[in-house]
Each structure stands twice: as C-alpha cells, then as structure tokens.
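When a ligand or atom number is given, it counts from 1 through the structure's own listing order. Everything quoted here is computed from the prediction, not taken from an experiment.
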Amino acid sequence: MTGTKPQHAPQIYFPVVDDVLHVGGIPLPRLAQRVGRTPFYAIDRALCSARVASLRAILPPQVALHYSIKANPMPALVQHMAGLVDGLDVASGSELKIALDTGIDPARISFAGPAKLEGELTQAIAAGACLNIESQHELDNAARIGDLLGIAPRVALRINPEFELKSSGMRMGGGAKPFGIDAEQAPDVLRQAAALGVDFEGFHIYSGSQSLRLDAIIESQSRSIELAIQLAGESPLAVRQLNIGGGLGIPYFPGEQRLDPAPMGAHLAAWLPRLAEALPQARLALEMGRYLVGEAGVYVARVIDRKVSRGQVFLVLDGGMHHHLAASGNLGQVIRKNYPVAIGNRMNAQNDAPDSGPASATGPLCTPLDILAERMELAHARVGDLVVVFQSGAYGASASPAGFLGHPAALEVLV
Ligand SMILES: *Cc1c(COP(=O)(O)O)cnc(C)c1O
C-alpha cells in the first residue's frame, strides 16, 4: 500500500502547513524543541475557547456550563477554563485545590465522588464549595463537620436515576450503582437534609458520558429534568441548582462523527418555561469534560527505533500507555481501536519506502499492551520523527499509570 494519507486525519482541527502539523500556531518540531523533550501533551487554548464559545452560542443564556476537572486537571488549563465556564466540578481534594487556586469564587465549585474523605469534606465545606452528596452517610458526615466548623454545608443530592444514557461509552447511572442516591431513596434523604439544616442547593443527575447520539442525550436530559421536578415536589427544600450532567462525546474512531449540539440547545430552551414554573429558583447546569477539551489536545512521542519484524513495521516510541492509557486501548475499551495517529512532521508524505505498508507504533514498556497505533496507514517515519495522537486533551496523563516501569512522566503544556 503506497501513497496513503494519515488515518482519519480530516477529523482533526490542527492545521497542516507544508507537511507539518501546527499546534497552537507553532510547527510541531519547533514546539517539541521549545518544550525541551518528548513525550509531551500540548493543549491548544484557542481550541478550548472556541469549543466553549460554540456551545454557548447554541445554549440558552440561562443554562450554566461547568467544566469537569477530572477530564484534564492540568493547572494551566483549569485556569484557562475557569475564565470561560460558570463552574468547576472536582472529584477529589487535590482537584479542589487546583480549582481554588484559579481564584474562582468557591460558590461556583462543586465536589462529586463516592468516597469523600473526612479531610476532603472539611476542606470543601470550609472553602464554601458545594458537595454533591452521594449517600445518606455522607450527608450525615457533612452535617457533622459543618457543625464543628460552624458553617452550614452547601449540598446538592446526586441522584442515581432509574434510566441511563443509552449508547454512552461510560454508564454512570441507572440500575445498582455506587454513585449517587437512588431516586426512590431521595425523598427520605431530602427530609433528612431539611432536618440537618444544611444549605440545600439542589440536584445533580449524571447519567453517562461519551455519547455520540444527540437523540439519546436529549432524551436523558428530558428524563433528568422530569425526575428533578418530581423529586422537588416531595422536597421540603427549594431547588436552586439542577445539574443534569453532559454526556457529549467526541469522535475517536474511524466512522464516528462529530456531534452537532444545536438541537440540544433548542431542546433545553423549550424546557425553560416549564422549569421556571416548577422550580422557580433553579438554575439549569450542564457539566462536561472531554467535549470541552478533548479535541484540543495532542500527545507527541518520538520515534526511537524503527524495525521490521517478519514483514511488519514497528515504530518504537519514547512514550506509550504509561502516559496515554486510553489511546493504548486499555482504559475501558473492549475491542482495541486506533485513536487518530499521524507522523506530525510528515503529515502528507508519501509512504513510498520499500517496506511500506501498515505500521504499528509501540511504547517503551515491556508489555504487548503498550501500543498506540496498530497496523495503521502512516507516512513513512524515521528515527527522530514525531508521532502524534489526536483527541488527547482529556483522560490523558492523569488517567494513565505513570509509575509503571519508571520512565519519565510526560510533560504537559498549554499553548
Ligand atoms: C466524569 C464525569 C464527568 C465528565 O465526563 P466527560 O465525558 O469528560 O464529559 C461529568 N460529571 C461527572 C459526575 C463525572 O463523573
């Protein structure tokens, strides 16, 4: 196979000039020089801003937009996002610290997660962040710590709905789950919350993630809003915030299409009058991570060796699954599929070498799991070339087993 182009490169946003990928307006080899060493992640701040702006443009202005830090907690990126969104959602004490360090009003931080520690609850209550309460026990703990601190803790109840986001890559609601309070238990917990005197914010209903089907997202949003209205009818406390999650996915694999979220904006706009009537004090919020930053980032590793084994080309890289578990296929994939990958300094080069054909890009770890591209049509790469994994702005470094085999961590830059 000769004369091939990088696989599903049309899905990417980064421009190519004279065969060279540009990230943040900088030719990739020059960016690699500036960063100082490979491997690294680079997140393009302008692309993050553009994504938020395009979502704002289709959402009614009354709908708040939150960034879920766990998608990418790089402090420079969180700082950038803090200036663009209405709230930051954190999932640990250290993410809470990153959020607080941005200087954002703590009232705009919420903290979800099923095993909040005593110290984390204390830290969040003292800071004035909102706790997304995952169980009756956690509510009791929050109230007790609030008493000690002399602060009424701000709490929202995270509800585990009976439904789940269909066709989502990761299901977080529906059925028996460790996350949230089952919807049928919520009325009891609401009465408890009233008795405990906590500062009640409202509901957090999160039913899934990484869906590329807008109809499914819209349906789960409707069901979340209906559920919130129903629960509010049984609540002695007024609902001031209704966070219905996000679920918007990004295209990773061949054949997947980027979402057009415009119908979701119209759909939420249609809900607003009914919400204003049923929950007059409630602000509707969406929270998401990967949709806001996932397409804005690349992971870049260098070709250390190029070898042919029984007719197959292997590009052996200085980076791999210890930095990018998701691209290696080991973060929840059932059947391994290739992320979009290209040779960043030979984007359109003809693959005309004698040993041309599909190439695999593998990492430095001594395991066959350490693979970033499996038999892909790539430009003919040489030692020293830069292999780029696209769609890498979310669930990258922080979602990878960085300590495995003791290689250096990936650098991370915001450009
Ligand atoms: C992980 C998570 C998110 C973000 O999911 P994305 O797919 O990155 O948008 C949002 N809310 C909650 C509660 C989460 O656990």
Is the distance between the ring centroids of Phe14 and His22 less than 6.0 Å?
no
Cationic tip of Arg258 above Tyr13 ring, under 6.0 Å, 45° of axis
yes
N/O separation below 3.5 Å, Arg158 to ligand 1:
no
Taking only heavy atoms of Ser209, which atoms of ligand 1 are found under 4.0 Å from at least one of them?
5 (O), 6 (P), 7 (O)
Taking only residues two or more places apart in sequence, or in another chain, which ones meet Tyr291 in a ring-ring contact (aromatic ring centres under 6.0 Å, His included)?
none
Check whether any heavy atom of Tyr291 sits under 4.0 Å from an atom of ligand 1.
no
Are there more than 12 heavy atoms of other residues, nucleotides or ligands under 6.0 Å from atom CD of Glu184?
yes
Between Ala112 and ligand 1, which part of the residue brings a heavy atom under 4.0 Å of the ligand: side chain, backbone, both or neither?
neither
Those atoms of ligand 1 less than 4.0 Å from some heavy atom in Gly289:
4 (C), 6 (P), 8 (O), 9 (O)
Under a 3.5 Å threshold, yes or no: a donor from one side chain and an acceptor from the other, between Thr38 and Asp318?
yes
Looking at His204, which atoms of ligand 1 are within less than 4.0 Å of one of its heavy atoms?
13 (C)
Between Tyr339 and His324, is the ring centroid distance below 6.0 Å?
yes
Less than 4.0 Å is my threshold; does some heavy atom of Phe179 fall inside it relative to ligand 1?
no
Can an N or O of Arg290 be found at a distance shorter than 3.5 Å from an N or O of ligand 1?
yes
If you count the atoms of ligand 1 from 1 in the order shown, which ones are under 4.0 Å from a heavy atom of Met288?
9 (O)
Taking the six-membered ring of Tyr252, is NZ or CZ of Lys337 closer than 6.0 Å to its centre and within 45° of its axis?
no
